[in-house]
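What follows is a short report on a single structure.
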Amino acid sequence: NLAVNGPPASLGVDPTKLTKGIDKAVPPPKLPEKNRSTEKKGMRHILLEQGPEGLAKAVREHKGLLVMDTTWRDAHQSLLATRMRTQELVRCADATNIALANAFSLEMFGGATFDVAMRFLHECPWKRLETLREKVPDIPFQMLLRGANAVGYTNYADNVVYKFCEEAQKSGVDVFRVFDSLNYLENLKLGVDAAGKSGGFVEGTMSYTGDVSDPSKGKYNLEYYMKLADDLVEMGVHSLAIKDMAGLLTPKATKMLVSALREQHPDLPIHVHTHDTAGSGVASMIAAAEAGADIVDGAIDAMSGMTSQPSLGAIAATLRGTDLDTGLDQQDIAALNTYWENVRSLYAPFESGQLSGSSDVYEHEIPGGQYTNLLFQSKQLGLTEKWPEIKRKYAEANIVLGDIPKVTPSSKVVGDLAQFMVAQNLDAKDILDQAETLAFPDSVVNYLRGDIGIPPGGFPEPLRSKVLQGRGLEPINGRPGASLKPYDFDKERAGLTKRYGEKYITEKDLLSYALYPTVFEEWKDFEEIYGDVERLPTHIFLSPMVVGEEIELDLGPGFSQVVRLVSIGDVSETGTRMCLFEVNGEQTYVGVTDTSVEGAGAVREKAKGPGQVGSPMPGVVVSLKVKAGDKVKEGETVATLSAMKMETSIPATASGTVERVVVNVGDKVEGDDLMVEIK
């Protein structure tokens with residue numbers, strides 16, 4: 001299918017950056033040979049032996065600055081649309097476990113990585129976590145938890161959030177960075193409680209916006225953050241985190257905020273996170289360390305800068321030989337950096353096209369993780385030339401919505417409204433004047449209703465009242481998820497087991513379904529057709545094979561296949577191209593529907609007469625049991641269809657010889673579409 005139709009548009013590949021038949025797997029990093037101490041215990045061993053309180057104490061007593069590496073999560077989420085596949089992480093895991101042994105943690109789970117793994121990469125996010133945990137036993141794994149939203153974009157029943165944290169901790173997550181997109185305390189408390197009950201180390205997180213060093217910036221002053229920190233400490237968190245999702249922390253603001261927090265909470269670790277959009281990230285992290293922060297975030301150099309985190313190598317080099325020395329070896333960092341330079345070249349089709357930092361972030365405040373995605377969405381909507389205007393409208397939309405912290409899911413609300421304003425040529429006055437009748441994006445209406453919580457200072461009025469009254473909606477009072485009924489895991493487990501089989505549904509699959517039911521079903525349906533594509537080499541997953549190309553597929557210990565694409569046939573009258581492959585020297589033909597022909601207006605025949613086997617309902621062809629020339633008996637299964645959340649066997653309508661098979665595996669069909677003709 002890839003060879004005929006190329007990567008699906010939903011994957012977001014830039015076709016002009018594909019290099020067919022050239023890129024190969026990037027070899028693992030090779031660290032310099034040297035004598036390495038095995039006596040010092042890393043942070044994970046302290047956590048396992050002494051618990052979260054013991055880890056917090058060890059962090060405060062640690063000499064020098066600790067770091068968290070974001071390369072495995074936020075860095076590629078910010079630079080490469082979260083498209084990093086598991087195999088690139090696994091390939092460098094052994095070296096990372098050694099090179100970053102002195103690190104506080106590796107961020108590698110949560111945020112957008114959870115749904116993207118299933119939605120676009122067709123991988124299991126839980127399998128990624130558990131595979132990497134086995135490879136990296138010595139460094140704590142950290143995840144980003146969206147409070148009551150878990151790893152989703154909406155509210156879930158409380159028992160879903162608790163069960164998610166429990167399973168995440170069992171699978172290998174050590175540190176939970178818990179935040180809420182509006183700093184809404186009730187949502188934060190649920191996330192803190194769920195993460196704490198799992199046994200994890202809990203970072204109570206403040207989503208930073210505004211500028212504490214500028215009194216004219218309004219409500220987000222030093223007093224606001226000090227009160228928020230006090231509230232988090234009362235919840236029982238093990239450390240405080242500042243999450244600067246847009247890179248708004250200047251060195252001056254960083255020093256003010258961290259110094260005040262350190263003075264007020266002398267025994268609690270402080271962890272600072274920023275993005276390097278404006279180019280001042282390294283300076284701000286140095287300022288944080290000098291002001292008393294225990295941990296700062298950075299990314300391997302090749303995955304740092306711009307909308308990602310500041311350079312880990314630069315932070316380490318700047319502090320080398322000082323009281324804040326990170327203990328990271330420059331040669332080890334260089335070896336990892338070489339690996340990631342090559343990997344980033346492999347993922348060039350996902351680059352946003354951004355070539356430098358942009359100091360206008362202090363005006364528009366777009367989060368680093370959203371910046372590249374918003375740029376991509378703008379291209380999809382045909383608004384590329386209006387990108388500067390979208391940034392201006394983002395700032396305007398933020399004020400319209402009440403000047404709120406902007407991080408998933410609240411950032412999506414602001415981004416959706418900004419694009420709506422650009423597309424409809426609206427300004428703030430138009431929004432307020434026409435609030436009752438404008439066809440706002442659902443995310444905006446849901447926010448104003450109270451679906452994601454209450455923003456600092458309350459909702460903007462009279463906008464909120466106008467929008468709700470114009471739609472006959474009642475506002476949600478208090479924590480949105482508090483009124484949700486507990487999720488019926490037993491009922492949903494029974495339904496999934498019936499559909500997919502007991503051995504294919506684990507407790508973690510059940511959670512994935514609870515969080516993203518449609519995404520989970522589409523991923524499982526995809527697997528039914530194409531199998532486990534996680535095994536495909538990335539250069540093939542992204543840049544489909546060309547005629548004459550040969551690859552070796554690793555299908556498990558001691559089992560591999562050499563696959564060569566021999567030819568791709570012309571399009572038949574049914575829109576099919578026959579692909580000839582050699583698999584370990586044996587020829588095999590695979591029929592694939594050319595979607596470019598289908599999209600040009602081809603209409604499927606309908607099954608009408610005797611011997612014509614039609615689809616009983618809309619669905620996807622999962623398997624074909626016959627080919628032209630085969631003898632069949634009436635009632636014998638000729639194909640399998642996935643439809644209406646179940647698999648359906650399609651029987652032959654007559655006995656005879658198969659004259660035509662007019663569909664291919666993976667094709668979507670409607671009711672009564674002709675599939676097989678029997679003579």
Side-chain angles (χ1 to χ4, degrees), residues 1-2 4-11 115 118-120 122 442 491-492 494-501 504-505 509 512-514 516-531 533 571-578 590-628 630 632 634-654 658-678:
N1 187 45
L2 288 175
V4 171
N5 295 308
S10 60
L11 186 61
D115 67 292
M118 296 184 289
R119 191 191 305 267
F120 299 121
H122 312 298
D442 288 344
K491 176 185 175 183
E492 299 302 335
L496 290 175
T497 300
K498 182 179 180 181
R499 180 179 179 187
Y500 298 109
Y504 296 109
I505 296 298
D509 287 325
S512 298
Y513 178 76
Y516 288 99
T518 302
V519 172
F520 179 84
E521 289 175 347
E522 290 175 349
W523 169 48
K524 283 296 182 183
D525 289 345
F526 180 94
E527 278 198 331
E528 284 186 271
I529 298 168
Y530 299 109
V533 299
V571 182
S572 71
E573 61 181 15
T574 62
T576 296
R577 290 186 186 271
M578 295 304 297
V590 180
V592 178
T593 298
D594 188 325
T595 56
S596 66
V597 175
E598 192 176 30
V603 178
R604 292 192 183 277
E605 296 180 56
K606 296 294 182 180
K608 298 176 181 178
Q612 292 194 332
V613 181
S615 169
M617 66 188 79
V620 177
V621 180
V622 174
S623 66
L624 292 170
K625 308 297 185 183
V626 297
K627 61 182 182 300
D630 286 355
V632 294
E634 185 176 352
E636 183 180 339
T637 298
V638 296
T640 307
L641 192 69
S642 176
M644 303 294 288
K645 299 187 178 182
M646 61 183 177
E647 279 197 5
T648 302
S649 295
I650 309 300
T653 55
V658 175
E659 187 171 40
R660 289 191 300 159
V661 178
V662 298
V663 294
N664 299 297
V665 172
D667 283 2
K668 293 182 179 180
V669 292
E670 299 297 328
D672 295 327
D673 278 358
L674 179 64
M675 300 176 69
V676 176
E677 187 167 11
I678 302 167

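Side chains are part of it too, since the values below use all heavy atoms of this structure and drop only hydrogens, waters and symmetry mates.
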Sorted by chain and residue number, the side-chain hydrogen bond (donor to acceptor under 3.5 Å, both in side chains) partners of S572 (sequence neighbours excluded) come out as T574
Across all chains, not counting sequence neighbours, the side chain to side chain contact (heavy atoms under 4.5 Å, CB included) partners of D630 are V626, K627, V658
Identify, with sequence neighbours excluded, every residue that meets side chain to side chain contact (heavy atoms under 4.5 Å, CB included) alongside R577.
V4, I568, V571, D594
Sequence neighbours excluded, the answer for side chain to side chain contact (heavy atoms under 4.5 Å, CB included) partners of S649 is T637
According to side chain to side chain contact (heavy atoms under 4.5 Å, CB included), who are the partners of E659, at least two apart in sequence or on a separate chain?
E677, K679
Partners of D509 by salt bridge (charged side-chain N to carboxylate O under 4.0 Å, His left out), sequence neighbours excluded?
none
Of all residues at least two apart in sequence or in a different chain, which pass the salt bridge (charged side-chain N to carboxylate O under 4.0 Å, His left out) check with K625?
none
Just to verify, what does K606 make a side-chain hydrogen bond (donor to acceptor under 3.5 Å, both in side chains) with, not counting sequence neighbours?
D673
Check step by step if side chain to side chain contact (heavy atoms under 4.5 Å, CB included) holds for E521 and Y500.
CA-CA 10 Å; E521 289 175 347; Y500 298 109; 4.0 Å; yes
According to the salt bridge (charged side-chain N to carboxylate O under 4.0 Å, His left out) rule, which pairs have a member within residues 613-623, sequence neighbours left out?
none
For the CG atom of L496 and the CZ atom of F520, what is their distance to the nearest 0.5 Å?
5.5 Å
The criterion is ring-ring contact (aromatic ring centres under 6.0 Å, His included); which residues satisfy it with Y530, sequence neighbours excluded?
F526
Sequence neighbours left out, what passes salt bridge (charged side-chain N to carboxylate O under 4.0 Å, His left out) with D672? Give chain and number order.
none
S615 meets the side-chain hydrogen bond (donor to acceptor under 3.5 Å, both in side chains) criterion, sequence neighbours left out, with none
